[in-house]
Amino acid sequence: MPTLTDTLAKLSAAPGVSGHENAVRALLVREFQKLADTVEITPLGSVIGILRAQTTRGPRAARPKSSAAPRLLVEAHMDQIGLIVTDIQDGFIRFEEIGYWDSRVLPSQNVLVHGKKTLPGVIGARPPHVLAAAERKRPLALAELFIDLGLSDARARELVSVGDVITLDRALLSLQNEMVASQALDNRAGLAALLEFLRHMQDTPRAWDIYAVANVNEEDSPLYVGAQTAAYAIQPHIAICLDVTHARQVGLSDDALPEAGQGPGIARGANVHPFVFDKLRQAARRRALPHQITVYGSDTETNAWIMQVTGDGIPTGLVEIPLRYMHSAVETIALSDIARAAELLQEFAAQLNADDARALRGETFVRAPARRARAKRRR
Amino acid sequence: MPTLTDTLAKLSAAPGVSGHENAVRALLVREFQKLADTVEITPLGSVIGILRAQTTRGPRAARPKSSAAPRLLVEAHMDQIGLIVTDIQDGFIRFEEIGYWDSRVLPSQNVLVHGKKTLPGVIGARPPHVLAAAERKRPLALAELFIDLGLSDARARELVSVGDVITLDRALLSLQNEMVASQALDNRAGLAALLEFLRHMQDTPRAWDIYAVANVNEEDSPLYVGAQTAAYAIQPHIAICLDVTHARQVGLSDDALPEAGQGPGIARGANVHPFVFDKLRQAARRRALPHQITVYGSDTETNAWIMQVTGDGIPTGLVEIPLRYMHSAVETIALSDIARAAELLQEFAAQLNADDARALRGETFVRAPARRARAKRRR
Amino acid sequence: MTRKENQAARARAHFPAFDLPAPSPTHAADALTPFHQLIKRLSETYGPSGSEEAVRELARAEIKGLADQIRVDAFGNLIALRKGAGNRRKKIMVTAPLDEPGVMVTFLDARGFARFGMLGAVKPLTLPGARCQFENGVIGVFGRETRGAADTEKDADAFFLDVGATSAQDAPVRIGDAACLVGEFRAAGNLLCGKALSGRARGAILIETLRRLKRATHDVYCVFTVQSQVGARGAGAAAFALQPDYAFVLDATPAQDFPGGDTNLALGKGPAILAQDEKMIASAAARQVLLEATRQTQTPYQIQAHARGGGEGAPIQAAREGTVTGALGLPVRYLHTQSEMVDARDVANIIEILTSVFAAKTL
Amino acid sequence: MTRKENQAARARAHFPAFDLPAPSPTHAADALTPFHQLIKRLSETYGPSGSEEAVRELARAEIKGLADQIRVDAFGNLIALRKGAGNRRKKIMVTAPLDEPGVMVTFLDARGFARFGMLGAVKPLTLPGARCQFENGVIGVFGRETRGAADTEKDADAFFLDVGATSAQDAPVRIGDAACLVGEFRAAGNLLCGKALSGRARGAILIETLRRLKRATHDVYCVFTVQSQVGARGAGAAAFALQPDYAFVLDATPAQDFPGGDTNLALGKGPAILAQDEKMIASAAARQVLLEATRQTQTPYQIQAHARGGGEGAPIQAAREGTVTGALGLPVRYLHTQSEMVDARDVANIIEILTSVFAAKTL
């Protein structure tokens with residue numbers, strides 16, 4: 001069985017810029033196929049791994065075609081922020097952001113340009129010697145940056161097209177105290193927790209069908225279009241979002257923020273259904289798992305926000321991995337928080353029974369999952 | 001004979017905002033009539049006092065109708081910066097500037113609004129108690145200022161019209177060391193010197209006709225229209241401008257600036273004809289008059305600038321009264337500088353002979369003054 | 001339509017208004033091809049967002065006989081179905097807007113000046129001195145407050161509309177009335193220029209594609225959408241109803257092949273296949289279909305990778321469990337002004353590409 | 001004129017250009033009075049500063065038979081003398097501009113885009129999307145660079161003109177060609193609206209005054225000036241030559257009786273007697289003459305005291321030994337745009353006042 005570090009390293013090495021998630025999706029499909037009864041892909045490319053309800057401990061039953069069990073959706077977004085080629089000028093690559101970057105971190109990064117082949121490059125800028133004093137005092141604007149591939153203009157145009165995406169070239173780095181740093185740990189950390197959760201559920205008795213979902217288009221889409229459409233397709237009774245959140249760090253010392261390594265955050269607030277919150281906290285307490293309560297007045301800025309209002313409304317929860325230096329090249333997390341998030345969700349899922357679904361949904365309980373057959377045809 | 005202080009007090013009390021010089025002009029016409037053979041007024045309202053050439057000492061000859069003598073023009077502008085009513089709102093007077101103000105000096109000034117009658121008023125502004133911190137740190141803009149006459153809206157509209165002019169209400173104040181302060185000493189100081197010069201010339205033998213000119217529209221007009229048109233009418237062989245200049249003061253310690261009380265400035269530079277400068281300096285030396293040399297690369301920002309290029313060009317000089325706090329309510333000068341400027345010009349005028357005119361003008365010497373008869377018809 | 005005409009007559013009878021002379025007839029249009037005449041007519045028709053009736057009726061008349069089904073949905077979208085004959089036929093939805101940018105009166109002051117809100121991304125500072133036209137023919141002139149510092153693009157509150165009124169009572173327009181910009185249609189070689197042109201040229205493309213399409217493989221739903229300028233509101237509703245396998249949005253790509261333009265997108269170099277816009281990253285499968293069509297038809301194309309503008313793609317992509325959505329951008333200079341400019345060759349190439357997609361054996 | 005028409009024909013024959021359809025005929029103008037039709041014709045005539053031939057010919061034709069002498073001076077000013085019959089007659093000069101704001105091509109780049117300079121106080125930021133028309137009928141669309149931050153009024157370098165060309169060679173305009181703004185004439189009650197209207201309405205006032213004037217006491221020189229928009233260049237030359245006793249400048253007063261206007265000057269409340277403009281303080285004697293005329297004719301008037309704009313007064317006042325100069329401002333909204341707006345009552349009142357001045361027994 002792979003270690004968490006292995007999983008995370010593999011996940012963070014697979015490019016998956018929003019809307020261009022092919023590589024990371026392929027990896028996830030392979031992993032889901034090992035761990036789920038059925039794997040489906042939505043029209044927009046989100047991956048759904050279904051683990052049917054099974055009330056006995058032991059090896060998985062033969063894959064059932066359908067189920068009347070309530071549905072628990074646990075999702076993590078698979079996409080990452082990235083860059084996109086907007087122009088090629090004299091062999092240099094001009095680019096824009098996909099997702100929300102702190103563009104001050106971009107100068108002097110190594111990057112990979114995903115053209116006809118994957119090309120290593122560096123982000124250059126004018127040297128400080130030639131800058132006016134005022135220029136030295138302000139951060140570089142995106143329009144001043146470019147990528148140098150070492151190619152001639154003609155060769156660059158042959159290998160790279162406008163619209164190709166770019167990722168940072170940054171392998172997972174292990175720090176002290178089981179902490180790791182890399183690009184894209186938002187949200188490869190959540191994905192790792194999702195896979196770990198699925199692994200735990202293999203021989204955990206459960207009254208609900210488990211829908212593990214790796215969603216596309218979280219970082220770029222004001223509509224959270226990946227999560228919205230997958231949730232619409234599944235119409236779950238409960239949806240849990242697994243994502244990262246700001247951890248306490250230098251310059252960000254708000255006491256309300258969780259600390260990395262002190263356990264996953266369990267979110268509370270308008271975006272979280274009280275029943276779901278209570279059940280999550282009970283689960284953490286029962287397993288004596290370190291955890292932290294995070295509070296949001298309204299928008300959690302995660303897929304939880306759109307899932308809550310998808311269809312006729314879904315009771316939603318949010319489990320968070322504390323992360324330092326969000327949307328930088330050195331996003332940093334504690335591996336223990338991932339492991340505990342997976343254990344928390346295992347305990348949560350194991351506890352759910354038919355009464356819970358009824359309690360949440362009243363008489364609207366029995367519903368067939370909508371049109372998944374058609375969704376499956378894609379790709 | 002009036003003292004210089006009396007003259008200056010009278011001159012500075014007579015309102016004469018650019019383009020609205022009636023009161024000061026009336027005063028000057030009376031003074032010129034005492035001191036000149038002929039007084040004329042140009043179409044635009046400049047006043048010309050002509051003192052014909054007279055080579056013998058003693059009482060003035062009968063007024064000659066014409067003259068073949070060369071013409072010396074000595075001028076000072078009679079107008080002052082002021083304000084103009086642009087609107088009446090709820091009885092309060094809104095205004096704009098005529099001429100170049102430092103509008104930071106306007107709040108809390110006493111003013112005179114020259115409406116159907118002359119009305120005293122004050123310039124008000126919002127009290128500091130109600131201001132935001134940022135507001136307290138920036139100067140008041142002209143649009144935030146208004147004049148309170150203590151009148152109702154209806155009564156204000158009855159007595160004041162849009163287009164009426166406004167002056168500061170500020171009498172001449174005597175300081176130590178024969179220095180005086182007031183509004184409008186730019187250029188009442190020059191006018192006082194001009195009158196004093198005329199007085200000295202009464203029994204000073206002279207080979208040239210003296211044209212003393214008090215000009216309108218210096219402060220407001222990018223064309224120096226008063227000086228230009230008067231000089232065009234007179235077509236003098238030499239023109240001297242009498243105006244004020246920045247004196248050394250706190251915050252303005254440029255060593256090149258003249259000092260108040262150390263004698264008039266004699267300007268040198270592209271705007272001044274070398275012959276005129278030399279003759280002025282010789283005159284000062286001959287009379288052992290304290291004087292200071294002021295230097296201008298090009299534009300002296302006085303009527304000398306336009307007179308120099310009027311018609312086919314006029315050899316021009318500039319004699320300056322050093323003044324502190326230009327265009328404020330407390331313009332400050334030394335009376336001695338006025339007296340010495342007048343003596344300087346007396347000596348200069350007395351020295352001029354027919355050869356000088358020929359030296360300056362060569363064969364173009366004999367010219368009839370143009371169309372003054374018609375100009376005289378006005379007003 | 002009758003109701004509207006009565007309103008106009010009422011306004012003319014009672015109020016002073018800039019409504020004379022009448023809009024000029026379609027003069028000198030003989031020099032244009034019938035298709036360009038159609039573009040001209042569409043461009044000159046009144047139809048700001050929410051008031052698309054006249055444009056829709058014009059489009060409906062044009063597509064009569066060209067489709068197997070024509071209907072107007074509850075939202076106001078005009079939908080034409082051309083049935084496909086293929087064995088493995090898919091359901092394809094293609095959208096083009098009916099509406100155009102404009103303004104809507106939000107307030108009338110005592111002196112008869114109107115304040116307005118934007119319908120679409122009109123830039124306030126380009127307006128002073130420009131004109132708009134209301135449905136009843138009344139002309140308004142845009143002005144801007146001079147008091148205070150309204151010198152940035154953002155300060156939209158400082159703008160107003162002068163409809164020739166002297167009081168709120170005699171104003172020939174009412175709060176809620178919408179107006180489009182005023183700009184005559186012009187042609188110069190391949191360049192076409194006019195108000196509302198970026199949208200109406202796309203509508204004309206759909207009409208002309210239906211006209212030329214001999215035999216469709218797939219079921220093609222041509223959706224002429226309403227309210228596209230104010231948040232692409234019509235498109236999502238149509239996608240929810242139609243549940244297409246593929247959606248292709250005809251979009252407007254801001255061409256900046258002019259001095260100091262900050263993108264490399266140009267007029268006449270083919271339509272833009274969108275990698276993304278501000279709100280959507282195009283579905284890879286849809287991009288492939290479009291790319292394949294350009295190969296089949298040997299038409300030039302450009303890629304738009306800038307996250308600029310938000311077209312009708314985002315709500316379509318988000319409909320139900322998700323729609324595979326691509327976008328084909330008609331390059332346009334001077335978007336959202338009275339002088340939008342397009343290249344007739346780009347227009348023709350989009351028709352080629354769409355025809356190829358509709359007739360493709362498989363998708 | 002022939003030369004110009006040949007040029008236009010050449011441009012049409014060789015180059016693509018936005019020159020179709022042709023400018024619309026004077027339709028629906030029947031509703032206008034003959035005088036307002038004259039204003040309309042003047043407004044619609046091409047005549048940016050330096051290219052006033054067509055307007056001047058129109059004005060010259062209109063004043064034929066109304067003056068004792070008509071001539072065009074070396075500078076291009078059209079001067080009509082109506083001799084006075086009074087014993088104590090004075091020489092009065094009245095000026096109105098022939099020209100209008102516009103632009104002039106200063107550079108053509110390799111792609112056929114034109115850079116331009118302003119003829120008059122056109123505000124760059126109001127231009128994008130607006131159009132101009134060249135003498136040969138070619139239409140240009142104004143655009144603005146998107147690269148960089150050209151978001152203030154001052155940044156005039158960032159604007160350009162799109163004349164529908166694809167290269168400098170096929171551009172239908174040349175460096176130095178001038179263009180006027182495009183804006184149809186409209187009327188709404190007393191309000192008149194159109195391009196060039198602020199100047200042409202003043203020209204029409206002079207023409208109509210000459211037409212109505214039964215008997216002048218004074219010698220009246222009506223000067224239709226050229227190049228007024230680019231520094232009032234024609235007026236000073238005329239004053240130098242004529243040496244009038246009084247000069248009255250017909251000026252344009254920026255009326256701001258709109259939301260957030262920062263002056264109290266309004267349309268329809270009578271012409272403005274100028275206390276000053278930016279470059280001149282009006283001569284008191286001339287102000288008195290105008291004030292007296294308003295009393296005689298019982299016409300309303302306003303006073304403009306703001307030092308805004310610089311009309312033709314300054315160079316006239318400065319001519320020779322000085323000219324007693326006053327100015328009468330026609331209130332105009334949206335000055336220097338394609339939609340200048342004036343009130344027909346103000347126009348009529350200026351005619352009354354001028355007629356009264358010209359016929360006054362003494363001045």
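Here is how names work: the chains are called A, B, and so on, in the same order as the sequence lines, proteins then strands, and each is numbered from 1.
- Taking each heavy atom of E145(C) and P259(D) in turn, the nearest pair found is CG-O, 2.9 Å.
- Note: G129(C) leads G129(C), G183(C), P128(C), G112(C) in heavy-atom pairs under 4.5 Å with chain D.
- The heavy-atom pair separating T146(C) from G261(D) by the smallest distance is OG1-CA, 3.6 Å.
- In this structure, CD on E184(D) lies 7.5 Å from CD1 on I139(C), to the nearest 0.5 angstrom.
- Rounding to the nearest 0.5 Å gives a distance of 11.5 Å between OG1 of T337(D) and CG of L127(C).
- At a 4.5 Å heavy-atom cutoff, the contact between F258(C) and chain D is made by backbone and side-chain atoms alike.
- In plain terms, the two heavy atoms of Q338(C) and R131(D) that are nearest each other are O-NH2, 3.0 Å.
- Rounded to the nearest 0.5 Å, atoms CG (L191(D)) and CG (D162(C)) are 6.5 Å apart.
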